[in-house]
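Positions are given from 1, in the same order as the sequence printed here. The structure presented is a predicted model; accordingly, all values stated were derived computationally and were not measured.
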Amino acid sequence: MWLYHNEVFTESQIGSYVGFVYKITNVSQARHYIGKKLFWFSRTKLVKGKKKKVKVPSDWPTYWSSSLELQLDVVKLGESNFTREILHLCYTKGTMSYLELREQMDARVLENQNEWYNGFIGCRIH
């Protein structure tokens, strides 16, 4: 489950948001991960012989980051040892990228590797 302002976030709350910036915490080891996730993906579908873009839901409800180390810890330690918190709901991909980078820089994720799963940060703001 995802928490937003200490309350469970549900699909009905998505509205016009395109995605969110999040923090996953390993409560047993006090390690964290900051990332971003889209609520929807654009896919190309063939409709009457023509390519058409369609929106499909992402896997956000079950998502555990792109960090392989974090994913392995979730399997090893169990989901109950982790919290998933939405820090920011975003209306644009650009805002989402900016806020993810800002949160990572503020937390100094690359300077404190024993506290963070983030192995690198990168940003493309558009």
Side-chain angles (χ1 to χ4, degrees):
M1 103 182 102
W2 287 98
L3 298 177
Y4 182 59
H5 295 300
N6 293 317
E7 295 193 15
V8 175
F9 184 83
T10 63
E11 189 174 341
S12 65
Q13 296 169 284
I14 294 174
S16 300
Y17 296 113
V18 298
F20 58 95
V21 176
Y22 64 87
K23 179 175 164 184
I24 296 177
T25 301
N26 176 335
V27 294
S28 65
Q29 298 175 354
R31 288 188 74 196
H32 315 277
Y33 181 88
I34 293 175
K36 64 183 177 185
K37 185 65 177 166
L38 291 168
F39 288 121
W40 304 94
F41 292 126
S42 291
R43 295 287 185 248
T44 304
K45 185 178 179 182
L46 212 57
V47 178
K48 296 182 183 179
K50 295 183 181 181
K51 290 182 180 180
K52 183 178 179 180
K53 278 193 174 184
V54 293
K55 278 187 0 181
V56 295
S58 75
D59 60 347
W60 73 269
T62 59
Y63 187 70
W64 286 98
S65 94
S66 60
S67 167
L68 183 58
E69 182 183 10
L70 173 55
Q71 292 172 14
L72 292 172
D73 275 357
V74 170
V75 171
K76 183 172 71 176
L77 302 171
E79 292 180 10
S80 62
N81 284 302
F82 294 84
T83 59
R84 297 187 298 174
E85 175 187 5
I86 295 174
L87 302 175
H88 305 281
L89 291 167
C90 304
Y91 289 109
T92 68
K93 289 181 183 181
T95 300
M96 199 167 59
S97 295
Y98 168 76
L99 291 173
E100 176 195 32
L101 180 61
R102 189 183 80 189
E103 290 287 345
Q104 290 170 335
M105 297 292 256
D106 287 349
R108 299 178 178 272
V109 299
L110 297 181
E111 296 173 40
N112 302 302
Q113 285 294 300
N114 56 333
E115 297 174 25
W116 295 92
Y117 286 100
N118 296 78
F120 65 91
I121 59 175
C123 185
R124 183 175 163 190
I125 298 174
H126 42 87

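Figure legend: cation-pi geometry between Lys37 and Trp60 absent, as NZ or CZ is not positioned both under 6.0 Å from the six-membered ring centre and within 45° of its axis. Within the cation-pi definition used here (under 6.0 Å to the ring centroid, within 45° of the axis), Arg31 does not qualify as a partner of Trp116.
In this structure, Ile34 and Asn118 approach most closely via the heavy-atom pair O-ND2, 2.8 Å. In plain terms, the two heavy atoms of Ser58 and Pro61 that are nearest each other are O-CD, 4.0 Å. Here the closest non-hydrogen pair linking Val21 and Glu103 is CG1-CG, 4.4 Å. Shortest non-hydrogen contact noted between Ile86 and Leu89 is CG2-CD2, 3.9 Å. Counting all heavy atoms, side chain and backbone alike, Lys93 lies closest to Val18 at N-CG2, 3.9 Å. When all heavy atoms are compared, the tightest approach of Ser16 to Tyr91 is O-CD2, 3.6 Å.
The backbone N or O of Thr10 lies less than 3.5 Å from a partner atom in the side chain of Gln13, making a donor-acceptor pair.
Atom-to-atom distance recorded for Leu3:CG and Thr25:OG1 is 10.5 Å, nearest 0.5 angstrom. How far OH of Tyr63 is from CG of Leu38: 9.5 Å, rounded to the nearest 0.5 Å. We find the NZ-CZ distance between Lys51 and Arg43 to be 14.5 Å, quoted to the nearest 0.5 Å. If you take OG on Ser28 and CZ on Phe82, they are separated by 6.0 Å, rounding to the nearest 0.5 Å. For the atom pair Glu85 CD and Leu87 CG, the distance stands at 5.0 Å (nearest 0.5 Å).
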Does Gln104 form a side chain to side chain contact (heavy atoms under 4.5 Å, CB included) with Glu100? I'd like the steps, not just the answer. CA-CA 6 Å; Gln104 290 170 335; Glu100 176 195 32; 3.6 Å; yes

Full working for side chain to side chain contact (heavy atoms under 4.5 Å, CB included) between Asn26 and His32: CA-CA 6 Å; Asn26 176 335; His32 315 277; over 6 Å; no

Begin with the C-alpha distance, continue with both residues' side-chain angles, and end with the deciding distance and a verdict on side chain to side chain contact (heavy atoms under 4.5 Å, CB included) for Leu72 and Lys76. CA-CA 6 Å; Leu72 292 172; Lys76 183 172 71 176; over 6 Å; no

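Residues Lys36 and Ser97 have side chains that bring a donor and an acceptor to within less than 3.5 angstrom of each other. For the 3.5 Å distance criterion, the side chains of Ser65 and Ser67 fail to qualify, holding no donor opposite an acceptor. Ser66 and Tyr117 are not linked by any side-chain donor-acceptor pair at a separation below 3.5 angstrom, with hydrogens and angles left out of the test.
By the ring-ring contact (aromatic ring centres under 6.0 Å, His included) test, His88 is found to be paired with no residue, residues two or more places apart in sequence or in another chain being considered.
Ile24 pairs with exactly one of Val74, Thr83, Asp73, Leu70 by the side chain to side chain contact (heavy atoms under 4.5 Å, CB included) rule, that one being Leu70. For the ring pair (Phe, Tyr, Trp, His ring centres under 6.0 Å) test with Phe39, the passing option among Phe20, Tyr17, Trp2 is Phe20; the others fail.
Clustering ILVMFWY residues whenever any of their side-chain heavy atoms sit less than 4.5 angstrom apart, transitively, puts Met96 in the very cluster that holds Ile121. No path of Ile, Leu, Val, Met, Phe, Trp and Tyr side chains, each step under 4.5 Å between heavy atoms, connects Tyr22 with Leu99, placing them in separate hydrophobic clusters.
Residues Phe9 and Ile14 meet the side-chain proximity criterion, which asks for heavy atoms closer than 4.5 Å.
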